[in-house]
Novice: 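My questions will all concern the structure given below.
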Amino acid sequence: MEKAESVEQAEPVDSAEKFRPPTHAGNSRGRRSRQEILDAAARVMSVRGYAGTSMSALAKETGLPKSAFYHHFESKAGLLSAVMAQGAHDFFEAMDRAHANPPEGGTPRERLRWYLGRTGAVLEHGEEFLRLLFVLVMSREAAEAPEAMRTVIEVRDEGRVHMWRMVHSSFLGAGEEDARRVADSLAAFGMAGFDGAFVAVQSEGGRAIADWMDQLADAMAGLGEAMLADG
């Protein structure tokens with residue numbers, strides 16, 4: 001997303017479809033071994049990072065020979081690209097499902113708590129993908145995998161679109177123009193809060209993600225309401 005205007009003009013779409021990996025032919029055994037490799041790579045890379053994960057380590061993790069990896073993926077970079085594509089699809093499929101049928105009425109604070117509470121639940125079940133995403137965002141270790149890095153950028157852009165729509169929907173009671181103005185102003189802040197909450201849960205523990213999401217919702221609602229009060 002280059003500008004806030006590009007978000008406010010965007011029509012709702014099925015986010016998961018934008019990241020749907022291509023269907024791979026082959027027998028059920030081949031598809032199963034490919035999925036085992038993807039699952040193991042996501043699990044190991046989310047802990048060790050891309051550079052710290054060798055094909056030998058993945059072979060040991062899965063019990064499959066390295067030849068099986070190169071049968072399905074031409075390189076480690078190709079494997080990372082497939083891991084990110086699948087992770088993005090699964091994450092946004094869960095987000096689209098969680099945000100379906102939002103409640104009618106309610107204050108902006110109540111509506112934001114509904115949206116962000118469900119976002120936090122998705123976060124809890126997508127930890128491996130998000131950990132790997134953050135590693136790739138904050139490092140240059142996957143420069144050899146440009147397709148995976150494009151997915152990283154697209155995921156961040158789509159995340160901002162989701163945040164914009166959550167804020168916009170929460171403030172629609174104030175009217176379309178004001179809802180857009182608040183969403184334009186707070187979408188980036190909301191993303192920063194989401195990032196910080198995820199890092200806090202990963203590094204500190206002891207505090208549930210739902211608590212962080214409630215606090216973020218309250219902060220965003222207060223900022224939006226103050227903005228509207230100022231005119």
Side-chain angles (χ1 to χ4, degrees), residues 1-16 18-19 88 91-127 129-130 133-134 137-138 152-204 207-231:
M1 180 187 70
E2 295 180 0
K3 297 180 180 179
E5 289 81 358
S6 65
V7 175
E8 69 174 270
Q9 297 298 331
E11 293 296 327
V13 296
D14 184 344
S15 300
K18 296 173 66 173
F19 296 98
F91 179 77
F92 283 112
E93 184 175 61
M95 286 282 281
D96 291 340
R97 190 165 53 244
H99 292 162
N101 303 314
E104 296 182 5
T107 65
R109 187 179 306 267
E110 290 168 341
R111 291 179 65 80
L112 275 170
R113 279 192 166 217
W114 185 89
Y115 278 113
L116 290 175
R118 280 153 181 76
T119 299
V122 172
L123 184 154
E124 284 185 310
H125 292 92
E127 285 188 3
F129 170 67
L130 291 172
L133 179 76
F134 272 59
V137 166
M138 295 185 290
V152 169
I153 293 169
E154 290 168 0
V155 166
R156 297 294 293 172
D157 288 346
E158 190 65 21
R160 282 187 285 273
V161 170
H162 268 264
M163 185 61 72
W164 189 94
R165 287 178 176 141
M166 284 188 271
V167 179
H168 174 262
S169 175
S170 297
F171 279 88
L172 265 178
E176 178 67 22
E177 183 177 351
D178 282 339
R180 290 190 176 195
R181 183 160 61 92
V182 173
D184 287 348
S185 178
L186 295 184
F189 174 82
M191 277 288 288
F194 176 90
D195 292 346
F198 180 73
V199 171
V201 168
Q202 294 296 303
S203 60
E204 299 171 12
R207 186 174 181 186
I209 187 64
D211 293 339
W212 290 108
M213 292 295 100
D214 281 348
Q215 192 168 10
L216 177 60
D218 291 347
M220 293 176 69
L223 288 169
E225 290 164 350
M227 184 185 307
L228 295 180
D230 289 343

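No experiment lies behind these values; they were computed from the predicted model shown. Numbers for residues simply follow the sequence, beginning at 1.
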Novice: Check whether the side chains of R207 and Q215 place a donor and an acceptor atom closer than 3.5 Å, and report yes or no.
Specialist: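 On atom types as modelled, these side chains qualify, holding a pair under 3.5 Å.
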Novice: Using a distance-only test with no angle check, is there a side-chain donor-acceptor pair under 3.5 angstrom linking Y115 and S170?
Specialist: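 No.
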Novice: Taking NZ, NE, NH1 and NH2 as the nitrogens, is one of them in D214 or R109 under 4.0 Å from a carboxylate oxygen of the other?
Specialist: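 Salt bridge flag = no for R109 with D214.
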Novice: List the steps and the verdict of side chain to side chain contact (heavy atoms under 4.5 Å, CB included) for M95 and L123.
Specialist: CA-CA 9 Å; M95 286 282 281; L123 184 154; over 6 Å; no
Novice: Do side-chain atoms of R111 reach the backbone of F171 as a donor and acceptor pair under 3.5 angstrom?
Specialist: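 No: the side chain of R111 does not pair with the backbone of F171.
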Novice: Between atom CG of L228 and atom CG of D178, what is the distance when rounded to the nearest 0.5 Å?
Specialist: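 It is 5.0 Å, given to the nearest 0.5 Å.
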Novice: Are D157 and R160 close enough for a salt bridge, meaning some N to O gap below 4.0 Å?
Specialist: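 Looking at D157 and R160, the cut-off is met.
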Novice: Give the minimum heavy-atom separation between V167 and A183, together with the two atoms involved.
Specialist: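 Smallest interatomic distance, heavy atoms only, reads CG1-CA, 3.6 Å.
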Novice: Check P108 against A221 and note the closest heavy-atom contact, atom names and distance.
Specialist: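 Closest pair (atom of P108, atom of A221, distance): C-CB, 4.4 Å.
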Novice: Which atom pair, heavy atoms only, marks the closest approach of F92 to G159?
Specialist: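 For F92 and G159, the tightest heavy-atom pair comes out as CZ-N, 3.9 Å.
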Novice: Does N101 CG have over 12 foreign heavy atoms under 6.0 Å away?
Specialist: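 Result for CG/N101: open.
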Novice: Which heavy atom in A100 sits nearest to a heavy atom in W114, and how many Å separate them?
Specialist: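 The pair with the smallest heavy-atom distance is O-CH2, 3.7 Å.
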Novice: Quick check: do F134 and Q202 have side-chain heavy atoms less than 4.5 Å from each other?
Specialist: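 A side-chain contact under 4.5 Å is absent here.
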Novice: Nearest 0.5 Å, what's the CZ-CZ distance between R118 and R113?
Specialist: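 R118 atom CZ to R113 atom CZ measures 12.5 Å (nearest 0.5 Å).
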Novice: Counting C-beta onward and ignoring hydrogens, is there a side-chain heavy-atom pair between W164 and D184 closer than 4.5 Å?
Specialist: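 A side-chain contact exists here, since the closest heavy-atom pair is under 4.5 Å.
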Novice: For the CE atom of M220 and the CE atom of M213, what is their distance to the nearest 0.5 Å?
Specialist: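 M220 atom CE to M213 atom CE measures 10.0 Å (nearest 0.5 Å).
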Novice: Could you report the tightest heavy-atom contact between V155 and A88, atom names first, then the distance?
Specialist: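 Heavy atoms only, the tightest pair is CG2-CB, 3.6 Å.
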Novice: Measure the CZ-CG distance between F189 and L223 for me, rounded to the nearest 0.5 Å.
Specialist: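 Answer for the CZ-CG pair, F189 versus L223, is 5.5 Å.
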Novice: Look only at the side chain of S185 and the backbone of R181, and say whether a donor-acceptor pair between them is shorter than 3.5 Å.
Specialist: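 Side chain of S185 to backbone of R181: no pair is present.
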Novice: Atom NE2 of H125 and atom CG of L130: how far apart are they, to the nearest 0.5 Å?
Specialist: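 Output value for this atom pair is 12.5 Å.
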Novice: Are the side chain of S203 and the backbone of V199 linked by a donor-acceptor contact shorter than 3.5 Å?
Specialist: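 Checking the backbone N and O of V199 against the side chain of S203, a donor-acceptor pair under 3.5 Å is found.
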Novice: Would you sort out whether R156 and D195 count as a side chain to side chain contact (heavy atoms under 4.5 Å, CB included), showing the intermediate values?
Specialist: CA-CA 11 Å; R156 297 294 293 172; D195 292 346; 2.7 Å; yes
Novice: Does H168 reach the side chain of L186, with side-chain heavy atoms less than 4.5 Å apart?
Specialist: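 No - every pair of side-chain heavy atoms lies 4.5 Å or more apart.
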Novice: Rounded to the nearest 0.5 Å, how far apart are CZ of F91 and CD of E158?
Specialist: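 So the gap between those two atoms works out to 10.5 Å.
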Novice: Could you tell me which non-hydrogen atom of M166 sits nearest to which non-hydrogen atom of L112, and how far apart they are?
Specialist: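 So the two residues come closest at O-CD2, 4.2 Å.
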Novice: Report yes or no: do H162 and T119 form a side-chain donor-acceptor pair below 3.5 Å?
Specialist: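 The answer is no; no qualifying pair exists.
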